[in-house]
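In this text the structure is predicted, and so the values were computed from the model without any measurement.
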Amino acid sequence: MDKLRTKYQKEEDVRYISHLDVLRAFQRALRRAEVPFVLTEGFNPKPKMNFSPPLSLGYVSRAEYFDVDVTDMMPEEFAEKMNSVLPSGLKVLDVTRIDCSSKSLNSIIQSSVYKIIYPFGSDIFHKADEFLDGDIVIKKRTKKGLKTMDIKPFIYDLAIKDKNTFEVWLPSGSAQSINPMYVLRAYLDFAGREFRIEAASIMREEQYIDKVKHTPMEAGAFA
């Protein structure tokens, strides 16, 4: 048995497809591509898979991941067959074999880098440094209700790209997760700008397993 780790992208035309629907799309694709996948045990067997932390609804991504157990298939063949049957908007970018004893993606992924596009205006350049100088207090929705917290310690990096774009590096693992929309709202509030959710575009650029920015494709991969 082999375990294949797959990197895929979620594009604009499927940005409002839920994580559960994405999971089902890949399960159907495995069957249509006639991949020799391994089934889970129990009364309702399914392809033995695990996925990286869910992407928020409405976001796009260049770096989503899943693992699947197969009996015999090369990574290159897997990528080619999957891309031939996947629906528009989902595309396999890379596949590698990893050790079968590797930890799940959800347990190893710690952070993500997001690109945020919004019509900020020309004053974004001198406001960004000021924004990071003080506390960044937000109200985060949790299972127990709204929680007031300072997210400044969780912004690992924030880089201005142009007057309408910045990138932010945030925790996104099972232990701690900060939605980039909180950063956008906080920044607009600080800059005295109106927040319009329909004007925001957010893309997950990459996910990392440590602070050195190793990706999941490097965890447990065979040489």
Ring pair (Phe, Tyr, Trp, His ring centres under 6.0 Å) filter on His214, not counting sequence neighbours, yields none
Residue set satisfying salt bridge (Lys or Arg N to Asp or Glu O under 4.0 Å) with Lys152, at least two apart, ordered chain then number -> none
Notebook entry, point to check: Any side-chain heavy-atom pair from Pro180 and Leu170 closer than 4.5 angstrom?
Noted result: yes
List the atom pairs, with distances to 0.1 Å, where a side-chain N or O of residues 27-40 and a protein N or O form a donor-acceptor pair under 3.5 Å, not counting sequence neighbours.
unit_1, atom_1, unit_2, atom_2, d
Arg32, NH1, Val85, O, 3.2
Thr40, OG1, Lys46, N, 2.9
Thr40, OG1, Lys46, O, 3.4

By side chain to side chain contact (heavy atoms under 4.5 Å, CB included), Pro171 pairs with (sequence neighbours left out) Phe154, Tyr156, Gln176, Ile178
Hphob cluster co-occupancy, Leu158 + Tyr59, side-chain heavy atoms under 4.5 angstrom: yes
All heavy atoms of Phe166 vs all of Tyr187, minimum pair found to be CE2-CD2, 4.5 Å
Here the pair of heavy atoms bringing Pro75 nearest to Arg97 is CG-CG, 3.8 Å
Asp21 meets the side chain to side chain contact (heavy atoms under 4.5 Å, CB included) criterion, sequence neighbours left out, with Ile17, Ser18, Arg24
- Item | Contact check, side chains of Asp67 and Leu4, non-hydrogen atoms, under 4.5 Å | no
Does some side-chain heavy atom of Leu55 sit less than 4.5 Å from a side-chain heavy atom of Glu64? yes
For Asp157 and Val168, what are the C-alpha separation, side-chain angles and deciding distance, and is it a side chain to side chain contact (heavy atoms under 4.5 Å, CB included)?
-> CA-CA 6 Å; Asp157 190 31; Val168 61; over 6 Å; no
Do Leu86 and Val92 come within less than 4.5 Å of each other through their side chains, counting heavy atoms only? yes
For Glu205, the salt bridge (Lys or Arg N to Asp or Glu O under 4.0 Å) test, sequence neighbours excluded, returns Arg62
Scanning both residues in full, the closest heavy-atom pair of Ser52 with His19 reads O-CE1, 3.9 Å
Contacts satisfying salt bridge (charged side-chain N to carboxylate O under 4.0 Å, His left out) that involve residues 164-188 (not counting sequence neighbours) are Lys161-Glu167
State whether Lys7 and Glu206 are salt-bridged, where the test is any N-O pair (Lys NZ or Arg NE/NH1/NH2 against Asp/Glu carboxylate O) under 4.0 Å.
yes
Check whether any side-chain heavy atom of Asp94 lies under 4.5 Å from a side-chain heavy atom of Thr6, and answer yes or no.
no
Gln207 and Pro53 have their tightest heavy-atom pair at OE1-CD, 3.7 Å
With heavy-atom distances below 4.5 Å as the criterion, would you say the side chains of Ser61 and Tyr8 are in contact? no
Here the pair of heavy atoms bringing Leu184 nearest to Ala200 is CD2-CB, 3.6 Å
Taking every heavy atom of Leu90 against every heavy atom of Ala25, the minimum-distance pair comes out as CD1-CB, 3.9 Å
Lys10 meets the salt bridge (Lys or Arg N to Asp or Glu O under 4.0 Å) criterion, sequence neighbours left out, with none
- request: Determine, stepwise, if the pair Phe66 / Phe26 fulfils ring pair (Phe, Tyr, Trp, His ring centres under 6.0 Å).
  value: CA-CA 10 Å; Phe66 70 83; Phe26 276 105; 4.8 Å; yes
Which atom pairs, one a donor and one an acceptor, fall under 3.5 Å between side chains of residues 105-119 and the rest of the protein, sequence neighbours left out?
unit_1, atom_1, unit_2, atom_2, d
Ser107, OG, Ser104, N, 3.4
Ser107, OG, Ser104, O, 2.8
Ser107, OG, Ser104, OG, 3.2
Gln110, NE2, Ile209, O, 3.1
Ser111, OG, Trp169, NE1, 2.8
Ser112, OG, Ser172, OG, 2.6
Ser112, OG, Arg204, NH1, 3.4
Tyr114, OH, Arg204, NH1, 3.4
Tyr118, OH, Glu194, O, 2.9
Tyr118, OH, Arg196, N, 2.8

With sequence neighbours left out, the residues meeting side chain to side chain contact (heavy atoms under 4.5 Å, CB included) with Glu12 are Arg15, Val60, Ser201
Taken in chain and number order and not counting sequence neighbours, the residues that satisfy salt bridge (Lys or Arg N to Asp or Glu O under 4.0 Å) with Glu77 are Lys81
What I'd like to find out is whether the side chain of Met1 reaches to under 4.5 Å of the side chain of Thr71, using heavy atoms alone. no
Item to complete: Please examine the side chains of Phe78 and Asn83, heavy atoms only from C-beta on, and report whether any two atoms are closer than 4.5 Å.
Response: no
Residue set satisfying ring pair (Phe, Tyr, Trp, His ring centres under 6.0 Å) with Tyr182, at least two apart, ordered chain then number -> none
